[in-house]
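To start, the structure itself, in structure tokens.
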Amino acid sequence: MSTDPKTRKPANTAFKQQRLKAWQPILTPKTVLPTFILVGILFAPIGGLLLWASDTVAEVVIDYTQCETAGANFVPVPQGSYSTNFPGKVDVVEPPAFKAVPSVQEGTNATWPTTKCTVKFTIPDTMKKPVFVYYRLSNFYQNHRRYVKSIDAKQLSGTPRTAAELSGGSCDPLAVYKEGDAQFPIYPCGLIANSVFNGNPFLNPFDSTTNGARPYLLSETGISWPSDAKKYGVQTYPDLSQIRPPPNWIKQYPNGYSAASPPIDVSKDEHFQVWMRTAGLPNFRKLYSKNTDDDLQKGTYTMDINMNYNVTSYGGTKSIVISTVSFMGGRNPFLGIAYVVVGVICVVLGLVFTARHLYKPRRLGDHTYLSWNQNAATNAAMANASATSATATGASARY
């Protein structure tokens, strides 16, 4: 039996005693100033390339929030509520217009009165395929912690969840529906599903007002990420009368779920899957449809939109975005501007500091004093000095 006293001292190894060899750069004007200028020289052209790629994207953005007040005749969209970008096109684009008429929304399980907004817009130059259609919302905080957590992954994967299992969980306050003393699980539960951009607002296709031109068809398949689609499964509740739709789905399911009015198939509803991937910023766009086969020819088009989604209650806006892409994706000049700004700042600072160093250089200290082992460094310096002196006088160094 060992009689050595217990100790918490680490083993005497180079790793545990921190004696491993290390290298730490010493910042001097000769290393820092060229680095500043080099970073600026690299970042500025990269930013210019990103800006050029962003500017090659053709894009039309139309805010149709106020369409309901437009009336039955076309009125121009207010200035500042739309924007266009067509590479190399300097001609003035005709402002878009919209009108609104009462309509009836035909859902899968019910019909309800709504307002149909018709947006008329002009494409001054052919938009090369693929062409993507997005809806854009502003002032909608999908990144709120409580909102992001308001989802039940097991329920969406196809596992039937009871009211007792959902109550008090992440889906609260929209986990269960109370009717007297009875509680029924909400499917799909949570704040995200309840606020889904609903009712198939964009009616396919784009109708062209040009004589002889055919409509521009859009596809609503292949818009969600394949990795997202794997998260969803077919619901397997044995009795549909024992589950309830989210409160905001009442127009589509006025009498609840039944065999004749089943809930949506979340495993195939790609609009639902796109919405459930929450955005990180309050102003965001989500893909609604696309055309990867045909170019969008120049001309004037109209698009019908059902005004089902209320954004004025929280001070938001809703827009339609028609866009192409570049090798960097959609139009977003921010990254290019950031690279150019950083590059310019680095070059300016590098030149200023270089001029300051040449005009009045700063005397540098002795690097040997930066060693943690001061005695060893001092002895080494003294030995070098003695050797140098001995060499100069022809005498031998003594210790």
Side-chain angles (χ1 to χ4, degrees), residues 48-64 67 74 76-77 81-99 116-137 197 200-226 228-229 270-271 273-275 277 284-306 318-336:
L49 177 64
L50 295 177
L51 283 174
W52 172 81
S54 175
D55 195 56
T56 60
V57 174
E59 182 182 78
V60 177
V61 182
I62 304 173
D63 183 341
Y64 63 93
C67 184
F74 279 112
V77 175
S81 295
Y82 67 92
S83 64
T84 61
N85 182 75
F86 287 89
K89 203 70 177 178
V90 296
D91 297 339
V92 178
V93 180
E94 181 183 353
F98 49 43
K99 67 178 181 179
K116 182 175 71 173
C117 174
T118 301
V119 180
K120 182 172 66 173
F121 56 93
T122 298
I123 303 297
D125 198 11
T126 299
M127 298 178 69
K128 300 295 184 180
K129 61 182 180 181
V131 177
F132 299 92
V133 177
Y134 305 84
Y135 58 90
R136 182 182 185 275
L137 300 181
F197 195 70
N200 296 327
F202 298 160
L203 304 182
N204 194 17
F206 290 169
D207 289 323
S208 176
T209 60
T210 306
N211 292 333
R214 60 188 179 89
Y216 190 72
L217 301 177
L218 298 165
S219 172
E220 299 177 18
T221 59
I223 60 174
S224 66
W225 292 14
D228 286 347
E270 296 192 44
H271 292 302
Q273 296 171 10
V274 169
W275 177 262
R277 172 170 285 276
F284 58 87
R285 62 177 64 176
K286 291 181 181 287
L287 183 61
Y288 190 86
S289 57
K290 62 182 181 179
N291 187 319
T292 58
D293 300 323
D294 304 309
D295 297 338
L296 180 58
Q297 302 296 329
K298 65 178 182 180
T300 301
Y301 296 84
T302 60
M303 184 179 191
D304 293 333
I305 304 172
N306 286 324
K318 52 187 176 181
S319 308
I320 177 177
V321 181
I322 307 167
S323 175
T324 60
V325 293
S326 68
F327 69 91
M328 286 297 298
R331 185 169 184 266
N332 185 5
F334 173 78
L335 186 60

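Atom OH in Tyr135 sits 12.5 Å away from atom NZ in Lys318 (nearest 0.5 Å). With rounding to the nearest 0.5 angstrom, the OG1 atom of Thr324 is 8.5 Å from the CG atom of Asn85. Going from atom CG of Leu287 over to atom CH2 of Trp225 covers 11.5 Å, rounded to the nearest 0.5 Å. Put simply, CG on Asp294 and NZ on Lys128 are 12.0 Å apart, with the number rounded to the nearest 0.5 Å. Atoms CG and CG, on Asp55 and Leu50 in that order, are 12.5 Å from each other to the nearest 0.5 Å. Rounding to the nearest 0.5 Å places NZ of Lys298 at 12.0 Å from OG1 of Thr122.
Tyr64 approaches Ile305 most closely through the heavy-atom pair CE1-CG2, 3.7 Å. Taking every heavy atom of both residues into account, Lys129 and Asp295 meet most closely at N-OD1, 2.7 Å. Between Tyr82 and Ile62, the shortest heavy-atom contact is CB-CA, 4.2 Å. In terms of heavy-atom proximity, Val57 sits nearest to Ser323 at CG1-OG, 3.5 Å. When all heavy atoms of Phe74 and Thr118 are compared, the closest pair comes out as CE2-O, 3.5 Å. In plain terms, the two heavy atoms of Gln273 and Ser224 that are nearest each other are OE1-OG, 2.9 Å.
Side-chain N or O atoms of Asn291 include one that pairs as donor or acceptor with a backbone N or O of Leu217 at under 3.5 Å. For the pair Ser319 (side chain) and Val61 (backbone), a donor-acceptor distance under 3.5 Å is absent.
Using a 4.5 Å heavy-atom threshold, the side chains of Lys286 and Leu137 count as separate. In this structure the side chain of Phe121 never reaches within 4.5 angstrom of the side chain of Thr84, judged on heavy atoms. Using a 4.5 Å heavy-atom threshold, the side chains of Val60 and Ile123 count as touching. You'll find the side chain of Pro95 stays beyond 4.5 Å of the side chain of Val77, heavy atoms only.
Classification of the Phe327-Trp52 ring pair by plane angle, with boundaries at 30° and 60°, yields tilted.
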Passes side chain to side chain contact (heavy atoms under 4.5 Å, CB included), His271 versus Ile223? Steps please.
CA-CA 8 Å; His271 292 302; Ile223 60 174; 3.5 Å; yes
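For the pair Glu59 and Arg285, the salt-bridge criterion is met [side-chain N within less than 4.0 Å of a carboxylate O].
A distance of 6.0 Å or more separates the ring centres of Tyr216 and Tyr301.
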